[in-house]
Trainee: 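This is the structure, below, for whatever I ask next.
Values below: all heavy atoms of this structure, side chains included; hydrogens, waters and symmetry mates excluded. FYI, the numbering just counts along the sequence from 1.
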Amino acid sequence: IMSFYNDLCASQSSISASMKANWNCKLFDIKVQEPGGDNWDPTTNRALPDVDKDNPVMNGTRGILEAKARFNKTNKELAKAHNYEIKQICSENFFQTHFIIGDDPRKIPLGDVNAFSQRVREVHPGLDPVFDQFWLHNQGFGGMKQMLNEIKEEVREVKESQKPLDHAGRLSTRLQRRSPWLLDVDTEIGSEEVPAKPEAKAEATNATAAQGGLASPANWSESGGNMAKDQIFPSGCFDPGDVAGLLRDLWVSHAGTDDSDRGLSEEDAKGMVKEVFPNVTGDTWPQYWEEMNPDGDLKLSGEEFLVFAEKHLKDFQWPIQGYLNSECRNHHFSLLSLCKPQEISAHYQVAFVPGKKNSAGIYMTQQRINVVLSFKQFTDQSGWYRANLRIFNKSCIGSKTTTTVILMVLTLTLFSLLTLIDSLVTLILLPLNLYRILWMELPSDSSIEEIESGFWRKLLQGLDARGVASRFLPALIVLSERLLALGFIISVVEAGKESLMNTVLPFGILSEKCMIMWFRANKGWIIGRNVPRGINMINYINECTEVAGVDYLAELFFEVLFEDEGCFHALVVGLIILRILEAFSLSSRLNWLPRTLFLAKNKLQNFLLAYVCLVAGFSLIMTLYFGDIFQQFSSLQESFCTLLLYSFGSTERALYGSQPFIEVGSSHLHAALFFYTVFAVTIILNMFTTIVIDAFAAEGDPERYEKIYKEEMQSLTMRLLQVFGKGHLLNKKSQLTRQESSEDDKAET
């Protein structure tokens with residue numbers, strides 16, 4: 001799956017060729033957590049030879065309780081060596097360099113395990129080919145190259161025999177249906193075929209493959225056709241402005257990524273500098289070395305290299321094409337089956353590059369679509385993973401205008417005046433008000449109404465420290481406004497944190513300021529440290545775009561205050577809508593809705609508790625019985641979500657993968673869902689409807705409504721008094737009231 005997505009990103013073969021010039025895709029980052037590896041022989045792809053049954057060279061006989069292989073010195077040394085190889089391959093440094101960053105296919109071709117073992121010391125003397133295979137060898141079209149070769153051979157045979165040609169001199173219908181690439185084959189009868197030069201054959205084959213969106217592998221050589229190495233890459237694989245990637249390739253190729261021994265000797269540093277300063281001679285080199293190594297030791301550290309690189313960044317001479325992007329590199333994804341990490345995630349960014357032009361006439365990136373493909377292992381060392389795909393986007397850079405600024409300022413002003421100031425004061429004074437509520441004194445000789453009134457005044461003071469909103473708004477509305485302000489504050493904090501995170505990958509042609517910022521933001525990544533790359537959105541707006549004036553303020557304020565990947569701002573909007581619904585109570589034609597909900601709230605709370613318990617009980621049963629068979633019931637959480645959706649008519653997830661009357665487990669699943677439907681849907685949900693209808697009927701009777709309303713308020717007050725330790729006052733007063741009522745009844749009798 002990762003190979004498929006990576007190939008689509010590299011070739012953009014999922015979209016038409018006319019869109020490819022506008023939309024670019026890059027592999028942002030790959031995260032691998034806890035790669036472990038097992039006791040396995042990576043060279044032969046078989047168990048270690050420390051057990052008799054797994055040792056292919058031992059012969060003879062043994063007793064049933066006697067072991068031979070694990071006491072053999074040669075086998076023990078060989079198993080020890082293979083275990084060391086696994087640890088080296090599955091280490092963080094190895095994965096960071098060869099898996100996350102990837103190798104250049106021009107040096108280590110895709111699927112060429114021999115080249116891999118020759119260039120990388122950790123896999124020496126070699127890997128089994130299964131651990132470096134690359135099935136999707138042609139950018140998303142696995143066996144297409146082989147099929148084209150078969151068709152080409154068939155066409156050659158047809159031309160030689162001329163039997164499949166019809167009377168009009170065209171190819172047979174069978175061959176035309178087989179592949180559209182045959183339509184450009186010369187089929188003129190009687191024409192003498194002129195042998196083509198090998199170069200011409202290669203160009204024709206490459207052109208045919210290019211029409212189908214194909215790219216040949218690095219080590220392809222067939223029929224005399226030898227492609228230039230750089231032609232194997234699709235368009236967009238190279239980035240001339242990625243100075244951080246170029247510097248990383250330069251440093252890692254000479255210093256490596258081993259944390260314990262990072263640094264270069266003078267001779268190695270000289271060879272590295274000559275790659276970017278071709279004119280360095282023996283006379284000029286001492287000056288460069290003195291500048292690079294000011295402390296005068298014998299090692300060039302990564303930090304010293306970064307200082308030198310920043311000073312001479314404009315003078316370095318790089319390859320014309322630039323840095324080979326990560327999505328076009330050889331990532332050896334098959335190593336996942338060897339190391340079995342707990343979690344893997346790949347983050348891709350798809351950007352619409354030809355947006356607005358800046359002052360230099362360079363297009364800025366506007367729309368960004370983030371695609372995160374993640375896998376989580378079911379159990380340790382199982383090698384089976386659960387896939388998850390997440391797609392989200394950010395707002396377009398350059399789309400904010402003066403109108404956006406006006407709307408943001410108006411929103412912040414109104415929000416601050418209406419609820420934010422009061423909410424901040426309430427939040428600051430909340431500990432003091434809670435202390436006052438806990439230690440408040442209520443007169444025991446007062447009536448129930450006086451006790452309730454005094455308690456609610458204290459409680460409203462805790463919700464409204466200034467005491468302004470509580471004078472004309474109900475307590476529930478005041479509470480909703482405080483939650484609204486709290487949600488907005490959390491949303492702003494999250495948006496500010498995300499604006500400072502390195503979540504941006506520059507696209508297109510970069511300006512000089514953007515290159516320098518890209519270099520400074522990724523210094524640790526350049527010298528081989530296991531850290532993610534990227535720049536934050538604030539630096540991207542400042543250095544990589546040309547927005548200015550009001551547009552700049554709009555972009556900056558929106559990014560810091562309102563742009564977040566989560567759902568916090570959406571929750572705030574939902575709370576605002578609920579707050580607006582309070583206007584229904586002001587209309588005699590619409591106040592039935594809030595009155596009905598108020599009367600039904602207690603029974604609805606009890607109903608929800610009973611319903612959740614019922615669904616949770618069935619979820620536990622489904623997980624225990626069907627968890628090993630059906631993915632939708634593999635965990636308690638999955639089962640609960642599945643049954644919850646099933647209760648309200650979404651049955652596709654619950655029945656996914658089932659084959660009733662064919663497979664026994666599927667038949668049992670349908671039987672279990674039948675009983676769940678009887679209890680949870682037919683009975684319980686009808687109770688929900690009954691509760692709402694009963695509350696609606698009570699709302700239409702004024703006397704009944706007033707009675708139920710008074711009982712509900714007394715019940716709520718009693719519960720709150722008990723929470724704050726004052727429930728005994730109301731209980732004592734109620735007992736006195738009942739005694740007085742009983743004495744009055746006796747006196748009347």
Trainee: Would you find a donor on one side and an acceptor on the other, under 3.5 Å apart, between the side chain of Asn325 and the backbone of Glu327?
Mentor: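 Pair absent, no side-chain N/O of Asn325 close to backbone of Glu327.
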Trainee: Students often mix this up, so state it plainly: with edges at 30° and 60°, are the rings of Phe99 and Phe333 parallel, tilted or perpendicular?
Mentor: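 Geometry flag for Phe333 against Phe99: perpendicular rings.
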Trainee: Does a side-chain heavy-atom distance below 4.5 Å link Phe557 with Val405?
Mentor: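 No, side chains not in contact.
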Trainee: Can you name the closest pair of heavy atoms from Ile30 and Leu27 and give their distance?
Mentor: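 Closest heavy-atom pair between Ile30 and Leu27: CD1-CD2, 3.7 Å.
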Trainee: Below 30° counts as parallel, above 60° as perpendicular, anything between as tilted: where do the rings of His569 and Phe488 land?
Mentor: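 Ring orientation of His569 relative to Phe488: perpendicular.
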Trainee: Got Phe696 and Trp592 here, is their nearest side-chain heavy-atom distance under 4.5 Å?
Mentor: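 They are in contact (side-chain heavy atoms under 4.5 Å apart), so the answer is yes.
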Trainee: Check for a donor-acceptor pair, side chain of Thr503 on one end and backbone N or O of Ser499 on the other, with a separation under 3.5 Å.
Mentor: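 No.
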Trainee: Is any side-chain heavy atom of Leu412 closer than 4.5 Å to a side-chain heavy atom of Leu561?
Mentor: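 Answer yes - side chains close enough.
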Trainee: What residue pairs, at least two apart or across chains, pass salt bridge (Lys or Arg N to Asp or Glu O under 4.0 Å) with a residue in residues 473-489?
Mentor: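 For residues 473-489: Asp464-Arg482, Glu481-Arg579.
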Trainee: Report yes or no: does Tyr625 contribute a side-chain atom to a donor-acceptor pair with the main-chain N or O of Gly665 at less than 3.5 Å?
Mentor: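 It does not hold such a pair.
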Trainee: Lys26 side chain to Pro506 main-chain N or O, any donor-acceptor pair under 3.5 Å?
Mentor: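 Yes, Lys26 side chain to Pro506 backbone: donor-acceptor pair under 3.5 Å.
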Trainee: Looking at Ala654, is its backbone amide N or carbonyl O close enough to the side chain of Gln632 to form a donor-acceptor pair, meaning the two atoms are under 3.5 Å apart?
Mentor: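 Here the side-chain-to-backbone pair exists.
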Trainee: Between Lys601 and Phe598, is there a side-chain heavy-atom distance shorter than 4.5 Å?
Mentor: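 They are in contact (side-chain heavy atoms under 4.5 Å apart), so the answer is yes.
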Trainee: Give a yes or no on whether the backbone of Ser666 and the side-chain of Glu663 come within a donor-acceptor separation of less than 3.5 Å.
Mentor: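 Yes.
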Trainee: Ignoring hydrogens and angles, tell me if any N or O in the side chain of Tyr540 forms a donor-acceptor pair with the backbone of Val504 under 3.5 Å.
Mentor: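 Checked: no pair found.
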Trainee: Considering all heavy atoms of both residues, which atom of Ile344 and which atom of Leu336 are nearest to each other, and what is their separation?
Mentor: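 That closest heavy-atom pairing would be CG1-CD2, 3.9 Å.
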Trainee: Centre of Phe28's six-membered ring, under 6.0 Å away, within 45 degrees of the axis: is that where NZ or CZ of Arg368 sits?
Mentor: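 Ring-cation test returns no.
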Trainee: Give every residue pair that meets the salt bridge (Lys or Arg N to Asp or Glu O under 4.0 Å) criterion with at least one member in residues 616-637, sequence neighbours excluded.
Mentor: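 Listed by first then second residue: nothing to list.
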Trainee: So do Ser658 and His670 actually touch side chain to side chain, heavy atoms under 4.5 Å?
Mentor: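 In short, these two side chains touch, coming nearer than 4.5 Å.
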Trainee: When the side chains of residues 607-624 are checked against the rest of the protein, which donor-acceptor pairs come out under 3.5 Å, sequence neighbours left out?
Mentor:
from, atom 1, to, atom 2, distance (Å)
Tyr611, OH, Ser647, OG, 3.0
Ser619, OG, Val615, O, 2.6
Ser619, OG, Phe640, N, 3.4
Thr623, OG1, Ser619, O, 2.7
Thr623, OG1, Ser635, O, 3.4
Thr623, OG1, Ser639, OG, 2.7

